[in-house]
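Just below is one structure, and these are the notes that go with it.
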Amino acid sequence: MEIIAIELKDTTLWAEALSKQGSIALSKGDDYFPIAEQKLSNAFMAADKMGYNRLKADISASLSRLYTRMEQKEKALHYAKLNLSLRRDTARAYRAFFILGDAYYKSEQYDSATFYLNKSLVSKDYGKKADAYMRLADIAMIQGNATLSMELERNSSAYKDSLYKFRRNIVTNKIIKAETDAQTMLQKLYYKWRLNTYLCVFILIIVIIIIITILLYKRYRRKNYLLQKDKQQIEKAHQDLSQHYAKLQIDIVQKDLEIESLRKELASHQVYEEQRKKLQDELDEMVLKRKALAKEAFLHSPLYEKMQAIIKDYQDKDTSDKELSDQEWQEFVAEMDMEWNNAITELCAKYQLSKEELHLICLSLIGFPFSHLEYLLHLSRATLYRKKNALLKRIDTKQDCDFEEILQKIRS
């Protein structure tokens, strides 16, 4: 079966084959337990990958029985629970009830074991009934109820006898009566115990709810206080940012006026050569200062803050509800062009740059990492590299050159 599954590349059939091999190894005894564990684990992973819940449930049942016999209680209980949860009709999953009850029994969780073993008694499988009654008899003995334990042992023996007779198609009235009496007695004991348990649990839940309500109310008040405080801090930070941005804009305008004045003075014929050199040095220094101010102003602008927010959204959740408008792109390009003394406009006019190419150049100049550009331009990194290389080739520039060097050449 496994060979056929491999040839057909049928994962489901392969998982079933491994499951059967694991069950066979499990039935052979302790020496074969490692083989059974390997086969069943591989089968479970394959079934899980295919999302085949019925097969996963069967394999979980086998793994629970295996780990029960290997005395690995936590794993046995885990797979027993998984087996029950994967059944479609959990109300009639009597075999799953028995497996889970047996796992709880091995883990010495006797209340849960009693609950699920009782649910398994509804089954018509006399073998499972006999085993369930034997487990319940052991639990009763452990809990100090010797009378109930003896009665349950008699019921277990009766079902073992009935199993033998049933195979010969003989069902006696004695077994039917024993089943009815045992069910009645167990139900009375069970419901009495459950009633007391529910009462204690109900009182405990009411106390817990009151405590949780008080804690949640205090937490809500503190959280609301912290939110208000954070809101005030954010508003103050925005105010400070806006004031700093406005001051930088004023400084930039002042630098523009000074630069224009120096250029006019340089253009005058009345300036001597030595003075012209001095003025040129002052102009170059002023241009550098203006460029630094413009970059600082952009880094403190609402537009830059929005760009950073978009990048963070994509890094955290692969999407963003924010988007740069055409107006914002135009303002960004105009600011960069002014910073580079209209070199970007010259480059755009000379090589007929598209919007994407123009935005790519400006974002690269401002210093964004290349890996962040894909979030702002909505293009893959491979596409961005391809566009950059194609643009450099079109400009007839070396591939290892960058846009800043190109603009410096144009400006010079």
Side-chain angles (χ1 to χ4, degrees), residues 53 56-58 60-160 162-163 175 178-209:
N53 287 343
K56 275 174 64 180
D58 292 340
S60 296
S62 297
L63 281 167
S64 180
R65 292 199 304 273
L66 171 64
Y67 287 124
T68 296
R69 294 179 64 180
M70 292 172 70
E71 296 187 358
Q72 295 187 25
K73 299 173 184 179
E74 289 185 5
K75 287 186 177 181
L77 189 56
H78 167 74
Y79 283 106
K81 290 178 181 178
L82 187 60
N83 170 40
L84 181 59
S85 68
L86 291 171
R87 300 293 176 183
R88 287 187 178 179
D89 187 1
T90 55
R92 292 185 293 178
Y94 309 122
R95 182 167 173 267
F97 291 146
F98 175 77
I99 291 172
L100 184 53
D102 188 47
Y104 275 122
Y105 168 76
K106 295 290 186 183
S107 299
E108 299 179 2
Q109 299 182 41
Y110 298 125
D111 290 341
S112 298
T114 301
F115 176 76
Y116 285 105
L117 289 171
N118 276 323
K119 294 190 75 170
S120 73
L121 290 174
V122 185
S123 169
K124 295 181 180 180
D125 185 338
Y126 287 174
K128 286 290 181 288
K129 284 176 176 283
D131 291 340
Y133 275 120
M134 185 55 68
R135 294 283 185 271
L136 289 168
D138 290 344
I139 293 170
M141 182 61 72
I142 291 167
Q143 292 178 341
N145 195 337
T147 304
L148 177 60
S149 177
M150 290 177 63
E151 183 65 27
L152 292 171
E153 280 190 30
R154 281 198 294 271
N155 291 337
S156 177
S157 299
Y159 275 110
K160 287 178 181 177
S162 71
L163 180 63
I175 302 306
E179 179 178 356
T180 305
D181 294 343
Q183 285 289 341
T184 303
M185 179 177 59
L186 284 169
Q187 288 297 325
K188 286 181 180 178
L189 292 170
Y190 171 72
Y191 284 118
K192 183 179 179 181
W193 173 80
R194 289 307 264 188
L195 183 61
N196 294 331
T197 303
Y198 285 146
L199 185 59
C200 295
V201 170
F202 177 74
I203 294 171
L204 181 62
I205 288 173
I206 293 297
V207 173
I208 291 172
I209 288 173

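Bear in mind that the values here come from a model prediction, so they are computed numbers and not experimental data.
Under the 3.5 Å distance criterion, the side-chain polar atoms of Ser64 are matched with a main-chain donor or acceptor of Ala76. In this structure, Asn118 contributes its side chain and Thr114 its backbone to a donor-acceptor pair below 3.5 Å.
Residues Leu63 and Lys75 fail the side-chain proximity criterion, which asks for heavy atoms closer than 4.5 Å. Counting heavy atoms from C-beta on, the side chains of Glu153 and Leu148 never come closer than 4.5 Å. When side chains are defined from C-beta on, Leu77 does not count as touching Lys73, because their heavy atoms never get closer than 4.5 Å. Two residues are said to be in side-chain contact when any heavy atoms from C-beta on lie closer than 4.5 Å; Lys81 and Tyr104 meet this criterion. Side-chain contact between Ile139 and Leu117: present, with at least one pair of heavy atoms (C-beta onward) separated by less than 4.5 Å. Taking the side chain as every heavy atom from C-beta outward, Tyr110 and Glu108 approach each other to under 4.5 Å.
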message: Walk me through whether Ser85 and Leu82 qualify under side chain to side chain contact (heavy atoms under 4.5 Å, CB included).
response: CA-CA 5 Å; Ser85 68; Leu82 187 60; 3.9 Å; yes
task: May I have the step-by-step check of side chain to side chain contact (heavy atoms under 4.5 Å, CB included) for Asp111 and Gln143, ending in yes or no?
output: CA-CA 10 Å; Asp111 290 341; Gln143 292 178 341; 3.9 Å; yes
task: For the pair Ser149 and Asp138, evaluate side chain to side chain contact (heavy atoms under 4.5 Å, CB included) and give the outcome as yes or no after the intermediate values.
output: CA-CA 7 Å; Ser149 177; Asp138 290 344; 5.9 Å; no
query: Is there a side chain to side chain contact (heavy atoms under 4.5 Å, CB included) between Thr68 and Asp102 once you walk through the steps?
result: CA-CA 8 Å; Thr68 296; Asp102 188 47; 3.8 Å; yes
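Legend: residues meeting side chain to side chain donor-acceptor pair (under 3.5 Å) with Tyr116, ordered by chain and number and at least two apart, are absent.
The line from CZ of Arg69 to NZ of Lys106 is 10.0 Å long, rounded to the nearest 0.5 Å. A distance of 9.5 Å separates CG in Leu100 from CZ in Phe115, rounded to the nearest 0.5 Å. For the atom pair CG (Leu152) and CG (Leu136), the distance works out to 6.0 Å, reported to the nearest 0.5 Å. The CD1 atom of Ile209 sits 10.0 Å away from atom CG of Leu204, with the distance rounded to the nearest 0.5 Å. One finds the OH atom of Tyr67 at 6.0 Å from the CD atom of Gln72 (value rounded to the nearest 0.5 Å).
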